[in-house]
2 protein chains.
Amino acid sequence: MSSARPTGGATSRGIAFSRPADCAQRQRVHGSCAGCEVRDIAACSAIPSRELHELEQLGGKIRLSPGTTLVREGDARTEVHTLVSGMARQVRLLPDGRRHVAGFLLPGDFIGFSAASHHRHSVEAVTESVLCSFSLPSVRRLRERYPDFDANLFEQACGELDKAGSYLTALARMTPVERLSAFLLHLSGRQHALGGRENHVDLPMTRADIGDHLGLTIETVSRTFSRLKQEGVLYFEHPHHIELRDPPRLRELAGL
Amino acid sequence: MSSARPTGGATSRGIAFSRPADCAQRQRVHGSCAGCEVRDIAACSAIPSRELHELEQLGGKIRLSPGTTLVREGDARTEVHTLVSGMARQVRLLPDGRRHVAGFLLPGDFIGFSAASHHRHSVEAVTESVLCSFSLPSVRRLRERYPDFDANLFEQACGELDKAGSYLTALARMTPVERLSAFLLHLSGRQHALGGRENHVDLPMTRADIGDHLGLTIETVSRTFSRLKQEGVLYFEHPHHIELRDPPRLRELAGL
DNA sequence: CGTCGAGTTGAGACTTGTCAATACCGGTGG
DNA sequence: CCACCGGTATTGACAAGTCTCAACTCGACG
């Protein structure tokens with residue numbers, strides 16, 4: 001029986017991704033909920049505008065610079081967060097260094113759907129990011145007081161479960177081309193909904209992040225990108241900024 | 001660019017798994033909530049005993065024989081369910097026949113965490129099963145009326161998200177041995193909690209089901225079982241009933 | 001201009017998937 | 001009670017795709 005084979009996982013080659021000191025760079029910043037960038041899309045949109053001052057008292061905003069860690073896998077859960085701007089990734093590390101990026105967080109995403117007492121993933125900023133944080137007890141009180149907020153959270157949790165189901169299928173049964181195509185379409189759609197250019201994708205994360213998300217190596221990610229580029233489906237303005245030149249074909253490749 | 005390669009997926013060899021007629025075998029049966037087998041573990045445990053008559057009026061029990069379908073992928077969602085006894089599987093089919101088994105449902109499991117209007121998976125009975133069903137509006141009313149029920153559902157949804165995260169990591173970054181080991185430990189633990197023998201696993205599903213769940217082919221599943229058997233980690237009383245002979249070693253193989 | 005990290009590309013190894021034959025189990029019918 | 005039959009599981013040989021290892025390119029930064 002072969003021992004665990006550290007297949008993939010960017011850190012399996014000896015580079016530690018999570019630098020301990022990075023946690024310290026959390027900075028509290030001020031911000032009013034009324035002018036919040038994600039006021040309309042986040043779960044707290046259910047709270048009436050005239051009562052936002054209460055929210056502001058309970059919550060705090062945190063600014064993270066790229067690569068810094070918001071919460072560390074294994075730490076006790078004390079807060080939940082909503083991403084206000086930027087991009088973050090949820091990361092899990094296996095004992096032997098293999099890495100799994102559970103997902104990329106975009107503005108409006110809620111961080112904190114878990115029944116566990118400790119964090120099951122680290123959360124790291126991919127780009128400069130701002131997050132809104134609430135203590136667990138605060139959230140409990142808000143949920144009791146604002147049923148719509150509670151319902152929003154439940155709805156969003158269900159949406160997360162739907163999304164998880166799609167990723168599960170992708171990882172279990174799809175080829176690299178399908179996985180990457182679906183990933184690009186998904187991200188492009190979300191970024192477009194948030195105000196980005198249609199049929200464009202920003203990929204501020206590294207190829208290792210993408211690979212660790214899709215269950216592939218960086219080389220396979222790179223090769224797959226190259227094939228899609230060569231086919232004319234993708235156009236690279238930059239390795240981190242891609243135009244989807246043939247969305248229908250891409251959807252086809254993604255398995256619809 | 002190679003076209004989609006139907007790797008794995010039991011149905012990719014031409015056998016249709018979902019037989020249309022199977023839906024018809026749903027049978028409504030009577031049952032009192034007070035004597036329900038999962039009274040203490042299902043979400044509805046939050047509803048006081050003296051008010052169970054209301055539940056009984058809203059809900060209905062359904063008996064499914066092995067292989068029959070409860071809901072079909074793509075159908076409109078009108079009900080939620082709780083598995084009372086037996087085992088069911090959640091299945092998704094890709095256009096070319098590849099199959100993904102999103103999960104196996106055990107007594108107490110809730111079926112219906114989704115933000116979508118249509119079912120994203122089919123649900124099929126693996127063994128003779130009994131389920132409890134409620135219409136979507138009924139559930140909404142129950143959630144409004146019983147905050148503890150609502151909280152239970154939310155908690156269970158969060159637990160599902162935690163579980164999904166583990167599967168995601170397994171599919172993205174783990175070897176066949178690790179996937180199968182973790183699967184057996186997980187299922188064994190759940191079955192033990194439900195009254196099964198410790199360190200024993202019942203596997204009423206086929207190897208194809210297991211493979212389609214773990215992102216492997218039936219051959220790889222079988223070979224992996226054989227290796228674990230040969231190592232003395234597993235003992236086969238039957239292809240569908242396994243004893244875990246060396247749980248510590250199995251945990252080690254599963255990556256803890 | 002040199003260095004460093006990230007990304008791309010190439011060649012070969014290895015695991016898993018594919019194809020195919022055989023063994024096994026349960027149910028049916030003689 | 002036993003032989004037969006269909007579906008399932010196991011095992012083997014081979015092929016294919018991805019991973020591994022390594023060289024090279026590119027761009028940012030000092």
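Every chain is numbered from 1, with letters handed out A, B, ... down the list of sequences.
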Who passes side chain to side chain contact (heavy atoms under 4.5 Å, CB included) against [X], sequence neighbours left out?
{"X": "B:Ser114", "result": "A:Asp162, B:Arg77, B:Ala116, B:Arg120"}
{"X": "B:Ala182", "result": "B:Ala254"}
{"X": "B:Pro204", "result": "B:Met87, B:Val126, B:Thr127, B:Asp202"}
{"X": "B:Glu252", "result": "B:Arg249"}

Identify, with sequence neighbours excluded, every residue that meets salt bridge (charged side-chain N to carboxylate O under 4.0 Å, His left out) alongside [X].
{"X": "A:Arg92", "answer": "none"}
{"X": "A:Glu198", "answer": "none"}
{"X": "A:Arg245", "answer": "A:Glu243"}

May I have the distance from [X] (atom [atom1]) to [N] (atom [atom2]), rounded to whole angstrom?
{"X": "B:Leu171", "N": "C:dT16", "atom1": "CG", "atom2": "P", "result": "14 Å"}
{"X": "B:Asp212", "N": "C:dG17", "atom1": "CG", "atom2": "P", "result": "11 Å"}
{"X": "B:Met205", "N": "D:dT8", "atom1": "CE", "atom2": "C1'", "result": "15 Å"}
{"X": "A:Leu216", "N": "C:dG7", "atom1": "CG", "atom2": "C1'", "result": "16 Å"}
{"X": "A:Ile242", "N": "C:dG7", "atom1": "CD1", "atom2": "P", "result": "11 Å"}
{"X": "B:Arg179", "N": "C:dT15", "atom1": "CZ", "atom2": "C1'", "result": "12 Å"}
{"X": "A:Leu180", "N": "C:dG7", "atom1": "CG", "atom2": "P", "result": "13 Å"}
{"X": "A:Ile210", "N": "C:dA6", "atom1": "CD1", "atom2": "P", "result": "14 Å"}

Would you say [N] has OP1 or OP2 under 4.0 Å from some side-chain N or O of [X]?
{"X": "A:Thr217", "N": "D:dC19", "answer": "yes"}
{"X": "A:His240", "N": "C:dG7", "answer": "yes"}
{"X": "A:His238", "N": "D:dC26", "answer": "no"}

Heavy atoms under 4.0 Å, any strand shown: does A:Gly215 hit a base, just sugar-phosphate, or nothing?
-> sugar-phosphate
Using the 3.5 Å cut-off, write out each protein N or O paired with an N or O of nucleotides 10-15 of chain D and the distance between them.
residue	atom	partner	partner atom	Å
D:dT10	OP1	B:Arg207	NH2	3.1
D:dT10	OP2	B:Arg207	NE	2.8
D:dT10	OP2	B:Ser222	OG	2.9
D:dT10	O5'	B:Ser222	OG	3.0
D:dT11	OP2	B:Ser226	OG	2.3
D:dG12	N7	B:Arg223	NH1	2.9
D:dG12	O6	B:Arg223	NH2	3.4

In dot-bracket form, how is DNA chain D paired, counting a Watson-Crick or G-U wobble pair only if both its distances are under 3.5 Å and using | for bases paired to another strand?
-> ||||||||||||||||||||||||||||||
pair A:Arg99-B:Arg173: side-chain heavy atoms closer than 4.5 Å | no
Other residues, nucleotides, ligands: >12 heavy atoms within 6.0 Å of A:Gln230 CD | no
